[in-house]
Engineer: 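My questions will all concern the structure given below.
All heavy atoms count here, side chains included; hydrogens, waters and symmetry mates do not. Quick caveat, the model's predicted, so the values are computed rather than measured. Residue numbers start from 1 in every chain, and the chains themselves are labelled A, B, ... in the order their sequence lines are given, proteins ahead of strands.
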2 protein chains.
Amino acid sequence: MAQSERGPRERMVFSAAQLIRREGVAATGMREVAAHAGAPRGSLQHYFPGGKEQLVNEAVGWAGRYAGNRVARFLAALDEPTPGGLFAEMVRQWTDEYEAAGFAGGCPVAAATVDCAESTESTREAAAAAFATWTGPVARALTDMGVPGERSGPLATLMISALEGAILIARAERDVRALTTVVRELVPVLDAAAVKAD
Amino acid sequence: MAQSERGPRERMVFSAAQLIRREGVAATGMREVAAHAGAPRGSLQHYFPGGKEQLVNEAVGWAGRYAGNRVARFLAALDEPTPGGLFAEMVRQWTDEYEAAGFAGGCPVAAATVDCAESTESTREAAAAAFATWTGPVARALTDMGVPGERSGPLATLMISALEGAILIARAERDVRALTTVVRELVPVLDAAAVKAD
DNA sequence: TGACTACTATGACCGCTGTCATAGTGAGCG
DNA sequence: CGCTCACTATGACAGCGGTCATAGTAGTCA
């Protein structure tokens, strides 16, 4: 996850996502990103001539791709894949992090949405795209598990909505309670949506 | 909702919440709050000697109380109150606003959580308290509608999580789709949790 | 009248931020 | 050697942010 042997450009995007996760977009400085990435300050204007806006947008895109790619890995971890099982894995990534490392970070896409949706159109679009590249794999996985095609998309949206909201509440409360709650309540609902093919 | 005949102090708290909703905490300036409230700049240090931190915390508290109080009003608007009906009303407040006035604003409590959870402990606590004063009335309403006591709290958390997440997605996409989706998917689930007392 | 209090009015300060300008390094290569 | 190109290094700048200091006004109470 924290591969430090990437190019400096990639490291800066990654660091930006990390810092945005913790402090939000506005409170994350360019110099701070460079320092966190162990990259020279001069590289910022070289790799990101579009300035902070470009860097933030790429960080958001990175986060969306990361979340989308995780879906396949979650599925692989389940010996009997079900919609509820997938959701539980998605949430577990967060409970694990919070219990192991504290409640420092939230979802960078959420942070970008809150801070930039109204002020920076391109970042808003990047956030929407990130949600899409996250929802897509989830919906496809649901279909593969036997969820009727027309319900996969809506259920994927429900899963991600509940997860994002629970992340917010968990960070505010410094307690994973909200995360475990949405899992407990939603898992049976999700599993019931899969066509019984036993 | 936008009573301009309050004291200047109250107007500033209200304005702070409005601006935080749109731009986030970090991007909201003190001078901007005063201007938006039509209040003199000098009043800031008089009414809020604790500075921005105090103002933000009060705005978050105000938002929590506002959300909590709305619950009773939503219930009154339903001639046959059901859990799903309450949730639909809660979400409808947002779809109505977005369709009428655009996607400018999100939830101020979410914004405070994203921007301050890690940096400003007191604001994090204020956000947690706001979520609590919102969840409380919802859970009580569920119990009154026949939801078993031990499930009211979890279901209230689920409702608010899904709503908060859907608000994020809706703002990013500039589309109420996510909001209408969570309503459609969750209403039957919520109604099924109420004990049939016909 | 004379405090005393509540509130308003400004101007200044300092720190920080994103961005730009300019110059420097150093490898690759002909 | 000299040229090019990718990258690095700094310093400056202009703007804005929250906060403080100081002074002013207005109403009230004794």
Engineer: If you check every side-chain atom of A/S43, which of D/dT8, D/dG18, C/dT19 has the closest atom?
Structural biologist: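 Of the options given, the side chain of A/S43 lies nearest D/dT8.
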Engineer: Within this structure, what is the CZ-to-P distance between A/R41 and D/dG11, rounded to whole angstrom?
Structural biologist: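 Value for this atom pair: 9 Å.
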Engineer: Any sub-3.5 Å donor-acceptor pair from A/D115's side-chain atoms to A/V25's backbone N or O?
Structural biologist: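 Between the backbone of A/V25 and the side chain of A/D115 there is a qualifying donor-acceptor contact (under 3.5 Å).
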Engineer: In whole Å, what is the span from the CD atom of B/Q45 to the P atom of D/dA23?
Structural biologist: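 Result: 14 Å.
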Engineer: Tell me: NE2 of A/H46 to C1' of D/dA9, nearest whole Å?
Structural biologist: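 For the pair A/H46 NE2 and D/dA9 C1', the rounded distance is 14 Å.
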Engineer: Rounded to whole Å, please give me the gap between CD in A/Q54 and C1' in C/dG18.
Structural biologist: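 The distance from CD of A/Q54 to C1' of C/dG18 comes to 14 Å, rounded to the nearest Å.
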Engineer: Could you check whether B/E99 pairs with B/R92 (Lys NZ or Arg NE/NH1/NH2 to Asp/Glu carboxylate O, under 4.0 Å)?
Structural biologist: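 Looking at B/R92 together with B/E99, the answer is no, because their closest N to O distance does not fall below 4.0 Å.
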Engineer: Given atom CZ of A/R9 and atom C1' of D/dA6, what is their separation to the nearest angstrom?
Structural biologist: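 The distance from CZ of A/R9 to C1' of D/dA6 comes to 14 Å, rounded to the nearest Å.
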Engineer: Would you kindly give the CD-to-P distance between A/E53 and C/dG18, to the nearest whole Å?
Structural biologist: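 Distance check: A/E53 CD to C/dG18 P gives 13 Å.
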Engineer: Kindly calculate the angle separating the two end axes of the helix from C/dT1-D/dA30 to C/dG30-D/dC1, each obtained from five base pairs, and round it to 10 degrees.
Structural biologist: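 Between the first-five-pair axis and the last-five-pair axis there is 10°.
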Engineer: Return the value, rounded to whole Å, for the distance between atom CG of B/L44 and atom P of C/dT10.
Structural biologist: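 It is 14 Å, rounded to the nearest whole Å.
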Engineer: Quick one: B/M30 CE to C/dT8 P, roughly how many Å, whole number?
Structural biologist: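 Distance check: B/M30 CE to C/dT8 P gives 15 Å.
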Engineer: One thing to verify: whether B/E185 and A/R151 come together as a salt bridge, which I'm taking to mean a side-chain N less than 4.0 angstrom from a carboxylate O.
Structural biologist: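 A salt bridge links A/R151 with B/E185.
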Engineer: Check step by step if side-chain hydrogen bond (donor to acceptor under 3.5 Å, both in side chains) holds for A/T143 and A/S152.
Structural biologist: CA-CA 6 Å; A/T143 304; A/S152 296; 2.8 Å; yes
